[in-house]
Amino acid sequence: KLEQIYLPLEFPHTGIGNPGRREHVLIPESGGSSACVVDLHSKSVIKKIRATGGRQFGGHAVFSADGSRFYCSEFEASPSGKGFVSEWRSSDFPPIRTVSSGGRFPHDVAMARDGLSITASNLGVEEGKHAKSSGTFVSRIELSSGKVIERTELEDDPNDLNTDPERGGRSLAKDDPVM
(Lines give C-alpha, C1' and ligand atoms only; values in the text may rest on other atoms or scores of the structure.)
Protein backbone atom coordinates (compact mmCIF):
# COMPACT_ATOMS: atom_id res chain seq x y z
CA LYS A 1 0.00 0.00 0.00
CA LEU A 2 1.41 3.34 -1.05
CA GLU A 3 0.62 6.29 1.19
CA GLN A 4 1.34 9.95 0.68
CA ILE A 5 2.20 12.58 3.24
CA TYR A 6 1.81 16.25 2.42
CA LEU A 7 5.06 18.16 2.92
CA PRO A 8 5.03 21.95 3.23
CA LEU A 9 8.22 22.13 1.16
CA GLU A 10 8.94 23.58 -2.25
CA PHE A 11 12.12 21.67 -3.10
CA PRO A 12 12.25 18.43 -1.04
CA HIS A 13 15.39 16.54 -1.93
CA THR A 14 16.01 13.41 0.13
CA GLY A 15 14.79 11.61 3.24
CA ILE A 16 17.27 10.73 5.98
CA GLY A 17 16.22 8.26 8.66
CA ASN A 18 17.11 8.87 12.29
CA PRO A 19 18.96 5.79 13.64
CA GLY A 20 17.81 6.61 17.19
CA ARG A 21 14.14 7.15 16.29
CA ARG A 22 13.44 4.98 13.30
CA GLU A 23 9.98 6.43 12.81
CA HIS A 24 11.45 9.91 12.18
CA VAL A 25 12.70 11.04 8.78
CA LEU A 26 14.37 14.38 8.05
CA ILE A 27 13.61 15.86 4.61
CA PRO A 28 15.62 18.98 3.72
CA GLU A 29 15.06 21.12 0.67
CA SER A 30 17.80 21.54 -1.90
CA GLY A 31 18.28 25.23 -2.56
CA GLY A 32 15.40 26.10 -0.23
CA SER A 33 15.25 27.37 3.32
CA SER A 34 13.03 24.68 4.90
CA ALA A 35 13.19 21.10 6.09
CA CYS A 36 10.62 18.84 7.73
CA VAL A 37 10.78 16.09 10.29
CA VAL A 38 8.16 13.48 9.46
CA ASP A 39 6.77 10.84 11.80
CA LEU A 40 6.12 7.77 9.66
CA HIS A 41 3.80 6.16 12.21
CA SER A 42 1.44 9.11 12.50
CA LYS A 43 2.09 10.07 8.86
CA SER A 44 2.49 13.71 9.78
CA VAL A 45 5.02 16.52 9.82
CA ILE A 46 6.04 16.94 13.45
CA LYS A 47 8.41 19.86 12.90
CA LYS A 48 9.29 22.28 10.14
CA ILE A 49 12.71 23.87 10.54
CA ARG A 50 14.39 26.77 8.77
CA ALA A 51 18.00 26.95 7.66
CA THR A 52 20.16 28.95 10.06
CA GLY A 53 21.14 32.55 9.40
CA GLY A 54 18.68 33.01 6.52
CA ARG A 55 20.63 30.51 4.41
CA GLN A 56 19.42 27.73 2.13
CA PHE A 57 19.74 24.00 2.73
CA GLY A 58 22.02 22.08 0.39
CA GLY A 59 19.66 19.10 0.29
CA HIS A 60 21.49 16.54 2.41
CA ALA A 61 22.03 15.76 6.08
CA VAL A 62 23.49 13.03 8.25
CA PHE A 63 22.66 11.83 11.76
CA SER A 64 25.13 10.92 14.47
CA ALA A 65 25.25 7.15 15.14
CA ASP A 66 22.96 7.45 18.17
CA GLY A 67 20.56 9.80 16.37
CA SER A 68 20.88 12.55 18.98
CA ARG A 69 22.20 15.13 16.48
CA PHE A 70 22.05 15.79 12.78
CA TYR A 71 24.18 17.89 10.46
CA CYS A 72 22.86 19.73 7.37
CA SER A 73 24.60 21.35 4.43
CA GLU A 74 23.70 25.05 4.10
CA PHE A 75 24.85 27.96 1.95
CA GLU A 76 24.35 31.68 1.50
CA ALA A 77 22.36 32.77 -1.55
CA SER A 78 24.10 33.38 -4.88
CA PRO A 79 26.44 34.82 -5.82
CA SER A 80 28.27 34.15 -2.54
CA GLY A 81 27.32 30.51 -1.96
CA LYS A 82 29.50 30.50 1.15
CA GLY A 83 29.05 27.08 2.70
CA PHE A 84 28.25 25.86 6.18
CA VAL A 85 27.38 22.69 8.04
CA SER A 86 24.77 23.24 10.74
CA GLU A 87 24.47 21.01 13.80
CA TRP A 88 21.02 20.36 15.30
CA ARG A 89 19.69 18.49 18.33
CA SER A 90 17.18 15.89 17.12
CA SER A 91 15.12 15.64 20.30
CA ASP A 92 13.54 19.10 20.02
CA PHE A 93 15.24 20.41 16.83
CA PRO A 94 17.06 23.59 17.86
CA PRO A 95 20.18 24.51 15.91
CA ILE A 96 23.29 24.15 18.06
CA ARG A 97 26.00 25.73 15.89
CA THR A 98 27.20 26.25 12.35
CA VAL A 99 30.71 25.71 11.05
CA SER A 100 32.34 26.44 7.71
CA SER A 101 31.99 23.72 5.07
CA GLY A 102 35.32 24.79 3.60
CA GLY A 103 33.83 25.95 0.33
CA ARG A 104 30.84 27.16 -1.65
CA PHE A 105 27.44 25.58 -2.27
CA PRO A 106 27.86 22.41 -0.16
CA HIS A 107 25.54 19.56 -1.06
CA ASP A 108 26.39 16.12 0.36
CA VAL A 109 27.50 15.52 3.94
CA ALA A 110 28.71 12.25 5.47
CA MET A 111 29.81 11.14 8.91
CA ALA A 112 33.14 9.37 9.40
CA ARG A 113 32.92 5.86 10.81
CA ASP A 114 34.48 6.99 14.09
CA GLY A 115 31.95 9.84 14.43
CA LEU A 116 34.72 12.40 14.96
CA SER A 117 34.50 14.20 11.64
CA ILE A 118 32.16 15.03 8.79
CA THR A 119 32.89 15.40 5.11
CA ALA A 120 31.09 17.95 2.95
CA SER A 121 31.20 18.21 -0.84
CA ASN A 122 31.44 21.80 -2.04
CA LEU A 123 31.08 23.20 -5.55
CA GLY A 124 34.08 25.52 -5.41
CA VAL A 125 36.04 27.38 -2.75
CA GLU A 126 36.41 31.08 -2.03
CA GLU A 127 39.84 31.29 -0.47
CA GLY A 128 43.24 29.63 -0.46
CA LYS A 129 45.29 28.00 -3.19
CA HIS A 130 42.25 26.24 -4.70
CA ALA A 131 40.11 29.38 -5.14
CA LYS A 132 38.03 29.24 -8.29
CA SER A 133 34.38 29.44 -9.19
CA SER A 134 33.75 25.77 -9.87
CA GLY A 135 35.00 22.27 -9.15
CA THR A 136 34.12 19.80 -6.44
CA PHE A 137 35.99 20.09 -3.16
CA VAL A 138 35.54 17.62 -0.35
CA SER A 139 36.30 19.05 3.07
CA ARG A 140 36.80 17.06 6.25
CA ILE A 141 35.55 18.91 9.31
CA GLU A 142 36.61 17.95 12.82
CA LEU A 143 33.47 17.96 14.99
CA SER A 144 35.18 18.77 18.29
CA SER A 145 36.70 22.02 16.99
CA GLY A 146 34.43 22.72 13.99
CA LYS A 147 37.51 23.36 11.84
CA VAL A 148 38.23 22.22 8.30
CA ILE A 149 41.19 19.87 8.73
CA GLU A 150 41.53 18.68 5.13
CA ARG A 151 40.30 19.75 1.70
CA THR A 152 40.65 17.80 -1.54
CA GLU A 153 39.67 18.78 -5.05
CA LEU A 154 38.01 15.95 -6.93
CA GLU A 155 39.00 15.35 -10.51
CA ASP A 156 36.48 17.13 -12.71
CA ASP A 157 37.58 15.81 -16.11
CA PRO A 158 35.46 12.69 -16.75
CA ASN A 159 38.00 11.47 -19.31
CA ASP A 160 40.66 11.28 -16.59
CA LEU A 161 38.54 9.33 -14.09
CA ASN A 162 39.36 5.71 -13.35
CA THR A 163 35.92 4.08 -13.09
CA ASP A 164 37.25 0.56 -12.49
CA PRO A 165 36.79 -0.68 -8.90
CA GLU A 166 40.08 -0.99 -7.05
CA ARG A 167 40.76 -3.88 -4.71
CA GLY A 168 42.05 -3.20 -1.22
CA GLY A 169 41.02 0.46 -1.11
CA ARG A 170 39.66 2.26 1.93
CA SER A 171 36.17 2.72 0.49
CA LEU A 172 33.13 1.44 2.37
CA ALA A 173 32.20 -0.29 -0.89
CA LYS A 174 35.65 -1.83 -1.41
CA ASP A 175 35.80 -5.13 -3.19
CA ASP A 176 32.09 -4.93 -4.05
CA PRO A 177 31.82 -6.15 -7.65
CA VAL A 178 28.65 -4.12 -8.25
CA MET A 179 30.10 -0.89 -6.91
[X] versus [Y], closest heavy-atom pair with distance:
| X | Y | value |
| --- | --- | --- |
| F63 | S90 | CE2-CB, 4.0 Å |
| S34 | F57 | O-CD1, 3.3 Å |
| A51 | R55 | CB-O, 3.1 Å |
| R50 | W88 | O-CH2, 3.1 Å |
| G59 | S73 | N-OG, 3.8 Å |
| G81 | P106 | O-CD, 4.4 Å |

### Message
For H13 and H60, take the angle between the two ring planes, folded into 0 to 90°, and tell me which bin it lands in: parallel under 30, tilted 30 to 60, perpendicular over 60.
### Response
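Rings of H13 and H60: perpendicular, over 60°.
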Is a side-chain donor or acceptor of [X] paired with a backbone partner of [Y] at a separation under 3.5 angstrom?
| X | Y | value |
| --- | --- | --- |
| S117 | A112 | no |
| K48 | P8 | yes |
| R104 | P79 | yes |
| E29 | F11 | yes |
| R151 | G102 | yes |

Atom pair [atom1]/[atom2] of [X] and [Y] - distance to nearest 0.5 Å:
| X | Y | atom1 | atom2 | value |
| --- | --- | --- | --- | --- |
| D108 | T136 | CG | OG1 | 9.5 Å |
| E10 | S30 | CD | OG | 12.5 Å |
| R69 | S91 | CZ | OG | 8.5 Å |
| F105 | S121 | CZ | OG | 13.0 Å |

Going hydrophobic residue to hydrophobic residue with side-chain gaps under 4.5 angstrom, can you get from [X] over to [Y]?
| X | Y | result |
| --- | --- | --- |
| I46 | I16 | yes |
| L26 | L9 | no |
| V25 | F93 | no |
| F70 | I96 | no |

### Message
Looking only at the side chains, is there a donor atom on one of S139 and N122 sitting less than 3.5 Å from an acceptor on the other?
### Response
yes
### Query
Side chains of E74 and S86: do they bring a donor and an acceptor to under 3.5 Å?
yes
### Task
Please name all residues satisfying salt bridge (charged side-chain N to carboxylate O under 4.0 Å, His left out) with E23, sequence neighbours left out, ordered by chain then number.
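Scan of E23 (salt bridge (charged side-chain N to carboxylate O under 4.0 Å, His left out), adjacent residues dropped) gives none.
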### Task
Quick one: name the residues clustered hydrophobically with V148, using the 4.5 Å side-chain heavy-atom rule over I, L, V, M, F, W, Y, and just say none if it's on its own.
V62, Y71, V85, V99, V109, M111, I118, I141, L143
### N-O pairing of R97 and E87 below 4.0 Å
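A salt bridge links R97 with E87.
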### Message
Taking E142 first and then K147, would you say they form a salt bridge - that is, a charged N and a carboxylate O separated by under 4.0 Å?
### Response
no
### Task
Go through the steps for L7 and V45 under the test side chain to side chain contact (heavy atoms under 4.5 Å, CB included), then give the verdict.
CA-CA 7 Å; L7 298 176; V45 174; 4.0 Å; yes
### Query
Taking the six-membered ring for Trp, are the ring centroids of H24 and H41 within less than 6.0 Å of each other?
no
